[in-house]
Visitor: 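Questions regarding the structure given below will be posed in turn.
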Amino acid sequence: MKIAKISFIHLALIFSLFLGACTTAQKATAPAPAPAPAPAPVAEGDAYTGTDTVKFLADGVPDRVFFSTNKFNLTTAAVNSLNKQAAFLKANANLNVTIEGHADERGTREYNLALGEKRANIVKDYLISNGIASNRIKVVSYGKERPANPASSALAWSQNRRSVTVRSN
Amino acid sequence: MIQRILIVVLLLLFQQNSLKALVTIDITRGNLDPLPTAISDFYFDDSIKPDDSIRKSRLDKKIPELVENNLQRSGLFFPLEKRSFIQKPEVAHATPRFEDWIFIKAQVLVTGKISLDKNQRLRVEFRLWDVVSAKELSSLAFFTTTENWRRISHMISDKVYERLTGETGYFDSRIIYVAETGPKTNRVKRLAVMDQDGYGVKYLTLGNELVLTPRFSPDNKYVTYMSYFRNLPRVYLLNIEAGIQDLLGDFPGMTFAPRFSPDSKRVIMSFAKDGNSDIYAMDIKTKVVERLTDHPSIDTSPSYSPDGSSITFNSDRSGTQQIYTMKGDGTAVKRISFGEGIYGTPVWSPRGDLIAFTKFFRNRFYIGVMRTDGSGERLLTENFYQEAPSWSPNGRVLIFYRETPSDDKGRGGNAKLWSIDLTGYNERMIETPTDASDPTWSEILSKSK
């Protein structure tokens with residue numbers, strides 16, 4: 001069976017709509033910028049606090065933040081990491097990023113897609129509220145489709161409840 | 001894709017004058033006592049010459065074998081060993097000597113004949129006999145080609161099932177699912193379609209992009225599913241016969257969790273924007289979009305009632321994932337799940353009376369059903385991970401997928417399709433060439449033409 005190609009122009013048009021929509025949607029749900037967070041990460045809920053699986057956008061700039069089960073709010077540790085990401089993006093004004101939202105495998109597929117989208121957007125909103133232009137940030141949710149750690153353990157699940165900031169140019 | 005076959009109903013005879021109660025199967029309860037059924041070999045009659053190539057097709061054996069396989073897997077029939085049969089197929093088909101069949105404890109008997117009519121068309125005829133009352137229950141013939149013998153076998157199975165249970169069958173149907181290969185961290189997923197018995201798997205996508213949650217339209221002409229084509233997760237519409245896939249709508253963000261309306265004219269789905277997922281319905285032809293929920297929580301997994309008047313969906317507006325119903329226009333939203341644990345993937349039964357769901361409770365996953373007002377919750381099966389039930393066309397069987405846990409290196413986990421009766425009995429794995437998930441059952445093929 002042949003699968004017809006989808007018009008690239010069509011997709012590009014939709015994509016531009018997406019960007020257009022995002023520029024008007026900021027601030028509404030953005031949390032207030034955290035006042036100088038504590039330097040030591042604080043464990044909150046069952047969010048992962050270690051450094052395994054973490055990669056770096058630059059020296060000392062972690063690429064990901066972790067979430068508690070079924071939650072999409074930012075932990076103190078997450079805010080700490082995102083402050084570094086914001087500073088890095090300010091210093092590299094030509095860089096654009098995609099924020100990937102992920103969930104662990106202990107939930108239904110469709111709900112997890114929505115949850116990943118919420119996680120990616122809370123990160124996007126935080127970066128915007130710290131002065132990063134919204135048109136530099138895309139989001140994509142992978143739900144539970146792309147775990148960082150394939151094991152079926154509480155540790156792996158905590159490492160998979162994450163958002164990852166990926167350079168897109 | 002959809003095979004066309006010529007079906008001619010010659011005669012459908014129901015005995016009007018039976019004195020004692022005929023054999024019937026009660027499928028509303030768990031059936032631990034399946035009906036002893038003799039399925040005789042069919043035979044080639046004299047219209048097919050001894051050297052005709054049709055005889056090499058072995059359809060006289062293959063058709064009854066497939067009928068037997070279907071009936072046996074339904075859990076309602078116990079096919080008897082063929083070696084114990086006393087009468088020859090051609091003799092039994094003409095008039096069974098019922099004592100011979102009672103002797104081997106058969107309660108019903110299936111016989112059949114394969115012949116060529118004067119226009120050289122292949123004709124397959126079967127008869128269903130009530131051995132206990134010594135009566136013919138039904139008789140039916142199909143004109144077909146040798147290549148279509150599987151569909152004929154499924155249709156015969158449906159007729160037997162219908163005559164003995166009083167409900168429509170489900171054997172002449174297909175299942176669409178997601179075929180999975182590769183490591184968990186970089187899984188390759190392809191759309192695949194097969195007959196309900198697992199035969200004839202065909203792949204509809206190449207695996208270049210992630211695809212999820214395929215669903216048939218009730219008219220069996222389309223499939224709607226989610227694809228990460230160009231890394232933009234969106235709902236697509238695949239025209240099965242033309243082999244053309246199109247983006248559905250032009251939403252400025254992720255669309256997911258699609259399902260058809262009962263008239264196949266609309267797709268209902270979630271659209272996520274700026275961290276909020278709501279439910280929308282879109283008319284396929286006019287592209288008109290209707291927003292049905294407007295709430296800052298996650299609203300997803302919508303499913304229409306069979307008359308289209310209501311929708312069940314999944315929302316965490318109460319703080320946890322629960323099941324809700326609303327009218328087709330989005331009004332009269334009502335939470336219906338109140339048990340312990342969280343609930344997802346509600347799907348309305350084709351009979352209209354039940355909603356099947358996934359439940360997560362104390363770290364275990366369950367497939368269950370409840371009435372549409374949330375009462376009468378019944379859990380059918382429990383496991384490490386399973387979700388996404390889909391109803392058989394007659395609403396008697398649920399198909400879903402189950403995953404096993406992976407070890408610390410990510411090895412050992414697999415995903416397979418399983419089915420279970422509404423009664424909670426007859427749980428079975430459906431063999432697939434690869435790992436498999438997200439199964440959806442089609443409507444009966446002959447009914448949807």
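Proteins get letters first, then strands, A, B, ... in listed order; numbering begins at 1 in each.
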Visitor: Measure the acute angle between the ring planes of B:Phe365 and B:Tyr385, then classify it against the limits of 30° and 60° as parallel, tilted or perpendicular.
Guide: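 Because their plane-to-plane angle lies in the 30° to 60° range, the rings of B:Phe365 and B:Tyr385 count as tilted.
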Visitor: Say whether A:Glu100 and A:Thr98, considering side chains only, have a donor N or O and an acceptor N or O under 3.5 Å apart.
Guide: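 No, A:Thr98 and A:Glu100 have no side-chain donor paired with an acceptor closer than 3.5 Å.
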Visitor: Between B:Pro296 and chain A, which part of the residue has a heavy atom less than 4.5 Å away: side chain, backbone, both or neither?
Guide: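 For B:Pro296, backbone heavy atoms alone lie under 4.5 Å from chain A.
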Visitor: Sub-3.5 Å donor-acceptor pair from the side chain of B:Ser217 to the main-chain atoms of B:Tyr222, do we have one?
Guide: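 Yes, B:Ser217 side chain to B:Tyr222 backbone: donor-acceptor pair under 3.5 Å.
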Visitor: Heavy-atom cut-off 4.5 Å, strictly under: side chain, backbone, both or neither for A:Lys71 against chain B?
Guide: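 Neither part; nothing is under 4.5 Å.
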Visitor: Go through B:Asn231, B:Ile342, B:Asn314 and name the one with the most non-hydrogen pairs under 4.5 angstrom from chain A.
Guide: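 It is B:Asn231.
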Visitor: Under 3.5 Å, is there a donor-acceptor pair between the B:Thr381 and B:Arg402 side chains?
Guide: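 Present: a donor and an acceptor within the cut-off.
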Visitor: Can you tell which of A:Lys118, A:Glu110, A:Glu145 has the highest number of heavy-atom pairs within less than 4.5 Å of chain B?
Guide: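 Going by pairs under 4.5 Å, I would pick A:Glu110.
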Visitor: So what's closer than 4.5 Å to chain A heavy atoms on B:Glu180: side chain, backbone, both or neither?
Guide: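 For B:Glu180, the side chain is the part near chain A, not the backbone.
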Visitor: Please flag which part of B:Tyr228 lies under 4.5 Å from any non-hydrogen atom of chain A: side chain, backbone, both or neither.
Guide: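 For B:Tyr228, the contact with chain A is made by the side chain alone.
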Visitor: We want to know whether B:Thr293 and B:His295 form a side-chain donor-acceptor pair, criterion being a heavy-atom distance below 3.5 angstrom.
Guide: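 Not at all, the side chains of B:Thr293 and B:His295 share no donor-acceptor pair under 3.5 Å.
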Visitor: I'd like to know if the side chain of A:Lys144 and the backbone of A:Gly116 have a donor-acceptor N/O pair within less than 3.5 Å.
Guide: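 Such a contact is absent between A:Lys144 side chain and A:Gly116 backbone.
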Visitor: Below 4.5 Å from any heavy atom of chain B, which atoms of A:Ala148 appear? Answer side chain, backbone, both or neither.
Guide: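 Only the backbone of A:Ala148 comes within 4.5 Å of chain B.
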Visitor: Do B:Lys273 and B:Asp278 pass the salt bridge (Lys or Arg N to Asp or Glu O under 4.0 Å) test, and can you show the C-alpha distance, the side-chain angles, and the key distance before you say yes or no?
Guide: CA-CA 9 Å; B:Lys273 186 168 174 296; B:Asp278 280 310; over 6 Å; no
Visitor: Pick from A:Glu105, A:Arg119, A:Arg109: which one has the most heavy-atom pairs with chain B under 4.5 Å?
Guide: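 Heavy-atom pairs under 4.5 Å are most numerous for A:Arg109.
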Visitor: Would you mind checking if B:Lys287 and B:Asp250 are paired as a salt bridge, meaning a charged N to carboxylate O distance below 4.0 Å?
Guide: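 The answer is no: the pair does not qualify as a salt bridge.
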Visitor: Check each atom of A:Ala156 against the heavy atoms of chain B and say whether the ones under 4.5 Å are side chain, backbone, both or neither.
Guide: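 A:Ala156 has no heavy atom closer than 4.5 Å to chain B.
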Visitor: Exactly one of A:Thr165, A:Val166, A:Val164 should register a side chain to side chain contact (heavy atoms under 4.5 Å, CB included) with A:Ile99. Which one does?
Guide: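 It is A:Thr165; the other options fail the test.
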Visitor: Under a 4.5 Å heavy-atom cut-off, does chain B meet the side chain of A:Phe72, its backbone, both or neither?
Guide: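 Neither the backbone nor the side chain of A:Phe72 comes within 4.5 Å of chain B.
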Visitor: Return the option, out of B:Thr185, B:Thr404, B:Asp407, B:Asp316, with the maximum number of heavy-atom pairs under 4.5 Å with chain A.
Guide: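 The candidate making the most pairs under 4.5 Å is B:Thr185.
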Visitor: With a 4.5 angstrom heavy-atom cut-off, is it the side chain or the backbone of B:Pro233 that approaches chain A, or both, or neither?
Guide: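 It is the side chain, since no backbone atom gets that close.
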Visitor: Please determine, among B:Thr300, B:Ile298, B:Asp438, the option with the most heavy-atom pairs under 4.5 Å with chain A.
Guide: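 The option with the most such pairs is B:Ile298.
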Visitor: Picking from B:Ala388, B:Gly344, B:Ser301, B:Ser277, which has the most non-hydrogen pairs under 4.5 angstrom with chain A?
Guide: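 Top option by heavy-atom pairs under 4.5 Å: B:Ser301.
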Visitor: Tell me, for B:Tyr401 versus chain A, whether the close heavy atoms (under 4.5 Å) come from the side chain, the backbone, both or neither.
Guide: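 Side chain only.
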Visitor: For A:Ser153, is it the side chain, the backbone, both or neither that has a heavy atom under 4.5 Å from a heavy atom of chain B?
Guide: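 The side chain, not the backbone.
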Visitor: Can you say whether the rings of B:Tyr280 and B:Phe251 are parallel (under 30°), tilted (30 to 60°) or perpendicular (over 60°)?
Guide: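 Perpendicular.
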Visitor: With a 4.5 angstrom heavy-atom cut-off, which part of B:Asn186 approaches chain A: side chain, backbone, both or neither?
Guide: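 For B:Asn186, the contact with chain A is made by backbone and side chain together.
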Visitor: Set out, in order, the CA-CA distance, both residues' side-chain angles and the distance that settles salt bridge (Lys or Arg N to Asp or Glu O under 4.0 Å) for B:Glu403 and B:Arg187, then state yes or no.
Guide: CA-CA 14 Å; B:Glu403 288 175 352; B:Arg187 205 76 159 145; over 6 Å; no
